[in-house]
Number of protein chains: 2
Amino acid sequence: MKIKTKAITIEDVVRLSGVSRGTVSRVINDHPHVSEEKRKKVKEAIEQLDYMPNVSAQRLRNIKTKTIAVIVSSISNPFFGLLLEELEKDVIKLGYQLLLCNTRNSKKKEIDFLRLLITNQVDGIILASMANYWENIKEFVNYGPIVCCNQFDPKVEVPSIGLDHEEAAYIGTKHFIDNGHEKIAFCGGISQFNISVGRKQGYEKALKESGLKINKDWIFDNVYGTAGGIEVFNNVANMRVRPTAVFSGGDEIAVGFIKAALDSGWKVPQDISVMGFDNQPIGTFVSPELTTIQQPIEQMGKITIQKMIESINNIQSMRSEEIILKANLIERNSVKTI
Amino acid sequence: MKIKTKAITIEDVVRLSGVSRGTVSRVINDHPHVSEEKRKKVKEAIEQLDYMPNVSAQRLRNIKTKTIAVIVSSISNPFFGLLLEELEKDVIKLGYQLLLCNTRNSKKKEIDFLRLLITNQVDGIILASMANYWENIKEFVNYGPIVCCNQFDPKVEVPSIGLDHEEAAYIGTKHFIDNGHEKIAFCGGISQFNISVGRKQGYEKALKESGLKINKDWIFDNVYGTAGGIEVFNNVANMRVRPTAVFSGGDEIAVGFIKAALDSGWKVPQDISVMGFDNQPIGTFVSPELTTIQQPIEQMGKITIQKMIESINNIQSMRSEEIILKANLIERNSVKTI
DNA sequence: TTTTAAATTGGGAACGTTCACACTTCCACG
DNA sequence: CGTGGAAGTGTGAACGTTCCCAATTTAAAA
């Protein structure tokens, strides 16, 4: 390969255009108080030299990095994939870059990533998953904007954008009830902070509202992945009084449940109805297609970025603020309807 | 929030430790020629002040960013999710960061991202997907290391790590043949550069080797996603002479095909065998579970990072080099065996 | 015309590092 | 006891910007 040539700097532009460094800088940054004539000259010189400002120097001078870090627990989790896709799209439009921070739920890694804020390597951090308790993170708020996305912790002292999990579970459970189901089971998904708690409340609320009894045997906690769904099915299959419907805390759980049911010769939704959560692509790949709850990921991404930019531009605005989004019911074929 | 306090700089360490700036810098960078006594003093001061070097200043001085960009066409594509997970893991270990570049197959965006190299914003770029032809990208090689991962283009003049798609398709097709299948269909997947071409060659090679005729009607090109799989099934269902096995260029295609088959009352694999590609999680969520070809993503990530680091450290080593990995057959239940 | 304000322009200083160089000290060796 | 070289240390310069301030020009108001 060719030897990397010495970079073109602002001084080269100065020489070619015949104006001063200050003026060139003003042109680059679209500042006022530059005559049209010189502005044109500078632009031509920049064009001709294919000059691009050195970002490191700009960062050093400005203390702005035009970079935002996103902390997720696992990039390969499809939910985060979709969320990242959304965040990236919005962030790029505004001239920012996205730094990928994958924690695998390591508390230490999360802290290391948060330190990016202290060292001025990023302008802000989006916490899309949280491995530590807020107590252990809160100090970082002093070093730059943090926005939470996808989860709530009532203690959090920054803007949080997330789903109303209680309402989501309520809608789902209500959908069962409206279609004549009275014996409804609930899988809590992994009890990540208070997401599960909220969902269970929504589930119970819907039951109570319709005068249905809550049966502890039908509530499963810490169910995770397809394996978890299969396990739940095995439990259900062995019950004397079985539920006719299962609200599950994730599409994988639902798919696992359905798979186990079909494998045991059951018919879905005739013998048992199942509802997923998250509206992941898998839901349409299976038969019957999964009725599920959809998170408004696009909206979540948009608002997160908006709040982040606001926080970056006006450090005052970094206050506790919960933005709660509504879930959507996606009706497909895994729920027996009237 | 508290007002962001003025950052602690090397000068603060100088004052507290009572040595010179140069010595502090030497301690920070683990350079020799520092007495144990002063080294200790400096370390204590750093500890006490919780000092962290300003990365922007280091970058400006060093022209090293300790950041690597990864260009992918879509983060939400599960394959890239897995690959990113792997890349991130290895990169972090070496003290680098990962900048996420999502192109959505936009040629312009890809070019914009490649420009990060020119502006010294990253030390290197991993091209995990390629929206442009190599001709239009090659100039960027002059500005820093580029490594290709996940695809080959014979013209590419940098290290490339990828799957031997020809062999992968050969293995898959052979598996059908070894289990008594003689009428085997092929879905090419999206014809992304020469991936599809290689696969088709492997498919044809296996057939020829066993003296089987190639039937053009059974070769489907540009099939994509579950919808594509369904479409292929509809085609197959209407044939007078139907294949008994389908090799598909992606798990989604395979799942779509199976779904359509089951919906039409077919039995899989009794009535028709199906093989996927990529070994995505979906494959285990469906019934029958999908027999598929697995890409060695972990290995691919590891080697990619290794080549990238080599290229960064020794700019000479940036030459054309193809590293071809072997695929794995994952046997599950979607292929009728003898 | 004179005064005043605004627009335009140039150049020094600063951002926080690391590097190159110069200087001192120390020790080994003849 | 002088000499050479290595180890240890401090300081000025440089990396490439942007900001601030002062100087100059221009335009508007009186």
Side-chain angles (χ1 to χ4, degrees), chain A residues 4-43 45-46 49-67 95 116-121 123 143-144, chain B residues 4-43 45-46 49-67 95 116 118-121 123 143:
Chain A
K4 199 161 171 172
T5 46
K6 195 158 157 35
I8 293 163
T9 77
I10 205 170
E11 286 303 332
D12 297 304
V13 180
V14 166
R15 265 192 294 280
L16 184 60
S17 63
V19 305
S20 77
R21 192 163 22 87
T23 303
V24 174
S25 175
R26 275 184 287 262
V27 172
I28 296 170
N29 295 287
D30 269 328
H31 285 173
H33 306 317
V34 180
S35 67
E36 259 328 300
E37 178 206 5
K38 304 223 167 179
R39 187 182 296 273
K40 193 167 154 245
K41 266 193 195 156
V42 171
K43 289 209 163 165
I46 288 177
L49 293 168
D50 199 20
Y51 161 78
M52 316 195 76
N54 178 309
V55 178
S56 300
Q58 287 183 314
R59 290 187 178 182
L60 178 57
R61 199 44 242 241
N62 292 336
I63 335 233
K64 289 278 168 220
T65 65
K66 285 281 176 179
T67 303
L116 292 170
L117 225 41
I118 304 190
T119 51
N120 284 316
Q121 292 187 67
D123 291 345
Y143 298 102
Chain B
K4 196 162 174 175
T5 45
K6 196 160 159 32
I8 294 160
T9 78
I10 205 171
E11 285 303 331
D12 298 305
V13 180
V14 166
R15 264 191 296 279
L16 183 60
S17 62
V19 306
S20 78
R21 192 163 22 90
T23 303
V24 174
S25 175
R26 276 184 286 263
V27 172
I28 294 169
N29 295 287
D30 268 328
H31 285 172
H33 307 316
V34 180
S35 67
E36 259 328 301
E37 177 206 5
K38 305 224 165 181
R39 187 182 296 274
K40 190 165 156 249
K41 264 192 197 157
V42 171
K43 290 211 163 165
I46 288 177
L49 293 168
D50 198 20
Y51 162 77
M52 316 196 75
N54 178 310
V55 179
S56 299
Q58 288 182 314
R59 289 187 179 183
L60 179 57
R61 211 29 249 245
N62 292 335
I63 333 233
K64 288 276 167 221
T65 65
K66 286 283 182 178
T67 303
L116 292 169
I118 304 189
T119 51
N120 284 316
Q121 293 188 65
D123 291 345
Y143 299 101

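Sequence lines set the chain letters: A, B, ... in the order given, protein chains first and strands last, and positions in each chain run from 1. Any value given below was found using the heavy atoms of this structure, including those in side chains, with hydrogens, waters and symmetry copies removed.
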Just how far, in rounded Å, is P of dT18(C) from CD of Glu11(B)? 12 Å
With the side chain counted from C-beta on, respond yes when Asn120(B) and Val55(A) share a heavy-atom pair under 4.5 Å apart, and no when they do not. no
Separation of Ile8(A) CD1 from Leu16(A) CG (nearest 0.5 Å): 10.5 Å
Roughly how far, to the nearest 0.5 Å, is the NZ atom of Lys41(A) from the CD1 atom of Ile46(A)? 14.0 Å
Once rounded to the nearest 0.5 Å, what's the spacing between atom OG1 of Thr9(B) and atom CG of Leu49(B)? 9.5 Å
Would you indicate, yes or no, if dT18(C) has its OP1 or OP2 atom less than 4.0 angstrom from a side-chain nitrogen or oxygen of Gln58(B)? yes
Contact check, side chains of Val34(A) and Lys40(A), non-hydrogen atoms, under 4.5 Å: no
To the nearest Å, give me how far apart CG (Asn54(A)) and P (dT17(C)) are. 17 Å
Asn62(B) CG to dG16(D) P, straight-line distance once rounded to whole Å: 13 Å
Over how many whole Å does the gap from Ile46(A) atom CD1 to dT17(D) atom C1' extend? 13 Å
Under 4.0 angstrom between Lys38(B) side-chain N/O and dT9(D) OP1 or OP2: yes
What distance separates Arg59(B) CZ from Asp123(B) CG, expressed to the nearest 0.5 Å? 8.0 Å
Starting from P on dT18(D), measure out to NE2 on His33(A) and report it in whole angstrom. 17 Å
The reported gap from CD1 in Ile28(B) to CD in Gln58(B) (rounded to nearest 0.5 angstrom) is 7.5 Å
Taking CG from Asn29(B) and P from dA20(C), how many angstroms apart are they, rounded to a whole number? 13 Å
Any donor-acceptor N/O pair under 3.5 Å between dT17(C) base and Arg61(B) side chain: no
For atom CG of Leu60(B) and atom C1' of dA14(D), their distance in whole Å: 9 Å
Of residues 17-27 of chain B, the positions that come close to DNA chain C - non-hydrogen atoms, cut-off under 4.0 Å: Arg21(B), Ser25(B)
Sorted by position of nearest nucleotide on DNA chain D, 5' first, the leading residue of Ala57(B) and Ser35(B) is Ser35(B)
Would you mind reading off the distance between Leu49(A) atom CG and dG16(D) atom P, rounded to a whole angstrom? 14 Å
